[in-house]
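A quick write-up on the structure given underneath.
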Amino acid sequence: MAGVLRADPLWVETFTGLRMRQFEGLLRVVRERGGNGPGGGRPWCLPLADRVLLVAVYYRTNLTMRQLAPLFAVSPATVCRVIQRLRPLLALEPISRPADPTDRLWIVDGTLIPVRDRKIGASSRNYRFSANVQVIIDADTRLVVATARRAPGNRADAQVWRNSGLAQHCDGVTVLGDGAYINTGLVVPHRKRPGRPLLAGEEEDNAGHRRVRARVEHAFARMKNYKILRDCRQRGDGLHHAVQAVAHMHNLALAA
């Protein structure tokens with residue numbers, strides 16, 4: 001039986017959220033990173049474009065491998081192998097620190113992603129086993145700059161930030177965070193103290209801070225259109241690869 005989905009504009013735009021030229025940019029990156037493999041051995045039953053589409057559809061829809069298999073006319077085992085092989089190659093391309101970092105403004109926040117793997121998650125405030133993933137975006141372009149590896153969902157954002165290694169990536173750049181990032185060196189809102197209300201100027205600062213920081217929440221909302229980030233069944237590094245790939249596709253959709 002022939003597969004239903006193929007890497008043509010109708011299926012790409014319907015199932016991935018990317019326009020065809022954006023998908024071609026993703027395909028080019030995967031090919032340059034060695035997506036076709038070193039050669040030799042048994043060839044793949046799907047061309048590279050269809051394999052990249054399969055992984056993108058998996059992240060976008062969060063269908064099971066048994067559900068994806070008939071759509072591409074392959075076995076569930078082949079779907080699994082394709083995902084395992086290509087998922088690191090869809091990762092977000094590293095964004096270098098700007099030449100003049102004082103002119104840039106970045107925003108960081110953490111988001112909770114429900115996971116099935118009890119080794120990487122923890123029971124968190126959303127009453128599910130979740131992982132905490134820290135994401136930095138550029139305030140002007142809304143592009144994802146960097147993401148950190150997951151941490152258990154019951155850890156505070158400030159603790160995850162300190163252990164993430166993202167601070168070195170932000171050297172010299174002004175980074176905004178919410179009130180959870182107090183004493184981390186980030187720009188955070190003014191806090192009320194017992195018996196001391198906020199001054200008028202501090203209230204205005206906090207209002208401006210909220211307006212700008214809301215952009216990272218909008219970025220999370222767009223990223224979570226990829227349903228893998230609403231219920232990740234991948235184990236081990238699967239969540240990290242999923243976040244990186246979704247960030248890459250999010251950037252392509254905004255910039256291309």
Could you report the tightest heavy-atom contact between [X] and [Y], atom names first, then the distance?
X: G110; Y: F220; value: O-CE1, 3.9 Å
X: N154; Y: S123; value: CB-O, 3.5 Å
X: V74; Y: C45; value: CG1-SG, 3.5 Å
X: A158; Y: T184; value: CB-CG2, 3.8 Å
X: G121; Y: V115; value: CA-CG2, 3.9 Å
X: F23; Y: A7; value: CE2-CB, 4.1 Å

Quick one: do the Q134 and T147 side chains pair a donor with an acceptor below 3.5 Å?
no
Testing the 3.5 Å rule here: is there a donor-acceptor pair between the side chains of Y58 and Q234?
yes
Count I, L, V, M, F, W, Y as connected when their side-chain heavy atoms are under 4.5 Å apart, and connections chain through other members. Are V160 and I120 then in the same cluster?
no
Under a single-linkage definition using a 4.5 Å side-chain heavy-atom cutoff for Ile, Leu, Val, Met, Phe, Trp and Tyr, are I182 and L176 assigned to the same hydrophobic cluster?
no
Any chance NZ of K192 has more than 12 other-residue heavy atoms, nucleotides or ligands included, within less than 6.0 Å?
no
Residue pair L90, V30: steps toward the side-chain contact (heavy atoms from CB on, under 4.5 Å) verdict:
CA-CA 6 Å; L90 272 68; V30 173; 3.6 Å; yes
Taking [X] for its side chain and [Y] for its backbone only, find out whether a donor-acceptor pair lies under 3.5 Å.
X: N132; Y: P152; answer: no
X: H190; Y: E202; answer: no
X: R60; Y: Y226; answer: no
X: Q22; Y: R19; answer: yes
X: R33; Y: A91; answer: yes
X: T14; Y: W11; answer: no
X: S124; Y: R128; answer: yes

What verdict does the side-chain contact (heavy atoms from CB on, under 4.5 Å) test give for L63 and L71, after you've listed the backbone C-alpha separation in whole Å, the side-chain angles of each residue and the deciding distance to 0.1 Å?
CA-CA 11 Å; L63 293 173; L71 297 178; 4.0 Å; yes
Roughly how far, to the nearest 0.5 Å, is [atom2] of [Y] from [atom1] of [X]?
X: T61; Y: K227; atom1: OG1; atom2: NZ; result: 8.0 Å
X: L26; Y: R31; atom1: CG; atom2: CZ; result: 11.0 Å
X: T78; Y: R85; atom1: OG1; atom2: CZ; result: 14.5 Å
X: L239; Y: L229; atom1: CG; atom2: CG; result: 7.5 Å
X: R87; Y: Y59; atom1: CZ; atom2: OH; result: 6.5 Å
X: D50; Y: L27; atom1: CG; atom2: CG; result: 10.0 Å

Quick one, [X] and [Y] - any side-chain contact, counting heavy atoms below 4.5 Å?
X: V4; Y: F72; value: no
X: R104; Y: T174; value: no
X: L10; Y: F15; value: no
X: T64; Y: L68; value: no
X: L254; Y: T141; value: no
X: R21; Y: E24; value: yes
X: D140; Y: L105; value: no
X: I137; Y: W106; value: no

Report all side-chain donor-acceptor pairs from residues 207-216 shorter than 3.5 Å, counting only partners two or more places apart or in another chain.
residue	atom	partner	partner atom	Å
H209	NE2	G177	O	3.1
H209	NE2	V187	O	3.1
R213	NH1	D109	OD2	3.1
R213	NH1	E217	OE2	3.4
R215	NH1	A139	O	2.8

Scan for salt bridge (charged side-chain N to carboxylate O under 4.0 Å, His left out) pairs involving residues 142-164, sequence neighbours excluded, and state none if there are none.
R149-D237
Under the salt bridge (charged side-chain N to carboxylate O under 4.0 Å, His left out) definition, can you give me all pairs with a residue in residues 111-123, not counting sequence neighbours?
R116-D231, D117-R235
Apply side-chain contact (heavy atoms from CB on, under 4.5 Å) to the pair N251 and L92, showing each step before the final yes or no.
CA-CA 9 Å; N251 285 1; L92 178 70; 3.3 Å; yes
Could you go step by step and tell me if V29 and E93 meet the side-chain contact (heavy atoms from CB on, under 4.5 Å) rule?
CA-CA 9 Å; V29 170; E93 293 182 300; 3.8 Å; yes
